[in-house]
Amino acid sequence: MTTVISPGFKSLSIWFGLACLALLAVPAKSSSNGNCRCLSTEPCWPSSEAFATLEAKLSQPLLAPQQLAKPCYTSPASDECQAAQQQWENGWWRSNNPLSAGGTEHPNWATYVAPDGHIEACYLNTTLGHPCVQGSIPAVGVDARSVGDIQLAVNFAVAHNLRVVVKNTGHDYLGRSTARGAFLIWTHHLKDITYHDTFKPFGASNGTVYHDAITLGSGVQWQEAYDAVFAKGRNIVGGIAPGASVGAAGGWLQGGGHSILSPQHGLGVDNVLEMTVVTSDGKYHVVNAHQEPDLFWALRGGGGGTWGVVVSVTYQTHPSEAILTAFFMASPDTSTPGGAQAADASFRALFTELVRVTPAMTDAGWAGYAILEPNVTTAQLGLRFAYVAPASATGAQGVMQDFFAAARRLTSGALSVQIASVAAMPSFGDWETKYVRGTSGQVGESIEVGSRLLPRDLLVRDHAAVADAVLGLQPAFTGVYLVAGGAVSKVDPDSAAVNPAWRDALVHLFFAKGWAEGASFDVINAVRGQIKAGEAALHALTPGGGTYFNEASLYEPNFQRTFWGSHYDRLRAIKKQYDPVSLFVVPEGVGSEDWDADLNCRL
Ligand SMILES: *[C@@H]1O[C@H](CO)[C@@H](O)[C@H](O)[C@H]1NC(C)=O
Ligand SMILES: *[C@@H]1O[C@H](CO)[C@@H](O)[C@H](O)[C@H]1NC(C)=O
Ligand SMILES: *[C@@H]1O[C@H](CO)[C@@H](O)[C@H](O)[C@H]1NC(C)=O
């Protein structure tokens, strides 16, 4: 993992997430079974004449997506291969790549790992001795530039019973935007951005007017959205990840959408005024609180790739204001007389103190990302965080300086504090520009993740148990994300489909573990075992709790309850109404329990 925040926080490599599937897949069944989707490997796959007829009606040629590293096998000296080698961990290069119709952000989702251990991949490292094969990259895709293109693609997929995947950027921690043998609807080039001084939702009464809203096409990425909003002197609740290449109107939003601004302004789904979407019957819908409110509700947290192909989203923006920004970095100091044991004790005391003061931090206006990650050289676990607060939050300085003082007291034991600073900045836009965009990392590596929402009352009641459980995880990366509480907890839990557990939470706990290119099935399974063990520990810590659909494990035993709690039954009913043919199915998505493990055959 190269998610290293360089000393001084010149770059802020923070994880964030969305997803795709493949790892639970089993070999394709033969096509004669009417309960199964027709895959590209099967005789039922549409003929070239059928594809040509479709292509003639589309605005763009059909796509034949390839593996991102393929040029290094077919023409190793080419610019394309050199670009792959240089840009492998650049989210923009991956998401924009025309060769692969924007690959997946994590290569493991482009890889097919069969249950029997057989692996189909295309590794960047050509000397590993594996052939470059299609793996879980779809066979054919539509480069959708209009509602008409999307409707043609959807109607074609239904007519030919194809497995459909929808992708804008391919950022997805569960592989939800790709699948082996599938037909891709790529929304990446729906890049329209419209700023509205006043906005009246379709179907609303004349008196219903919002100010300073922005409509984003579903291919718009966060950096593009931020540019448009900051240019107006405004803020928007959006994703924070290196390079800001995550899609602003795709899976991030449909799964809930957390942000460093969420404690101040709510989740992404709490900031939506209207969405447009094409459903599996080919119909185009404008949905909002006044028009098809059930579908609008489901799209706000019910999960990406499940309801239809989103065309655009209209968000409320917020006034910009001055902020405080805090950075902290510390690690155990094993050079002290007490050695490793004293260092571990000091580090545990430090992290336990951070968990203890987290409710007070939130109340004082702080939000952001704390990360536990082993030092790449020493393998010793370090703690760092990047938080922001409105400059108007009067208690913010005091609570942060108290924490810094507690950390400094621990340095008399066996702790090394490298950074502990608070500074003023004119706006969130300045912070995002300085620390987020232009950075790379987080992508280009094979990882799986797990997560849990930590309720406020648990942190207040038993912070030591929380700290022990988090330190007991064995992943390469643990994010203790302070992205809930505040405004998130003031919203009516039933106003959007997103998990009601968000409304009681303070922290979204996220952990990840990866493997090197070419890793064997046994190595991959060992990582999965660690993810499952971490999940079990977090379930024990928060019985009956929930987590975030976009950043979660593929092994949730009761994903319906864990992702949606009491909202699941209503979501299932809306799914039956709007997608009766079940065209849109993703791993652990609403209705996916009707399908087998690879989501190609109905049970
Ligand atoms: C590529 O794989 C070979 C064989 O395992 C290994 O020796 C080499 O270090 C790898 N190269 C890179 C850049 O990882
Ligand atoms: C709303 O405004 C439109 C355009 O100004 C007008 O034609 C319409 O009659 C108004 N509707 C109501 C219910 O006032
Ligand atoms: C990792 O450890 C090395 C050796 O102690 C140190 O020089 C380096 O600054 C550490 N890196 C981080 C990111 O803390």
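A quick note: this is a predicted structure, and the numbers were derived from the prediction, not measured. One-based numbering, in listed order, for ligands and for the atoms of each.
Counting protein heavy atoms only, atom 5 (O) of ligand 1 is closest to Leu128 CD2, 3.5 Å.
A salt bridge links Glu353 and Arg356; the closest N-O separation between the charged side-chain nitrogens and carboxylate oxygens is under 4.0 Å.
Per-atom contact check: atom 11 (N) of ligand 1 touches the protein, criterion being a heavy-atom distance below 4.0 Å.
Side chain of Arg94 to main chain of Glu89: no donor-acceptor pair is present (N/O by atom type, distance under 3.5 Å, no hydrogens or angles).
Proximity annotation for atom 1 (C) of ligand 1: of Thr126, Asn125, Thr127, Leu124, Asn125 comes nearest, heavy atoms only.
Ring centroids of Tyr435 and Phe327 are separated by less than 6.0 Å, placing the two rings close together.
With Cys72, the cysteine Cys132 has an SG gap of 2.5 Å or longer.
Atoms of ligand 3 found under 4.0 Å from any heavy atom of Thr378 (numbered from 1 in listed order, with element): 2 (O), 4 (C), 5 (O).
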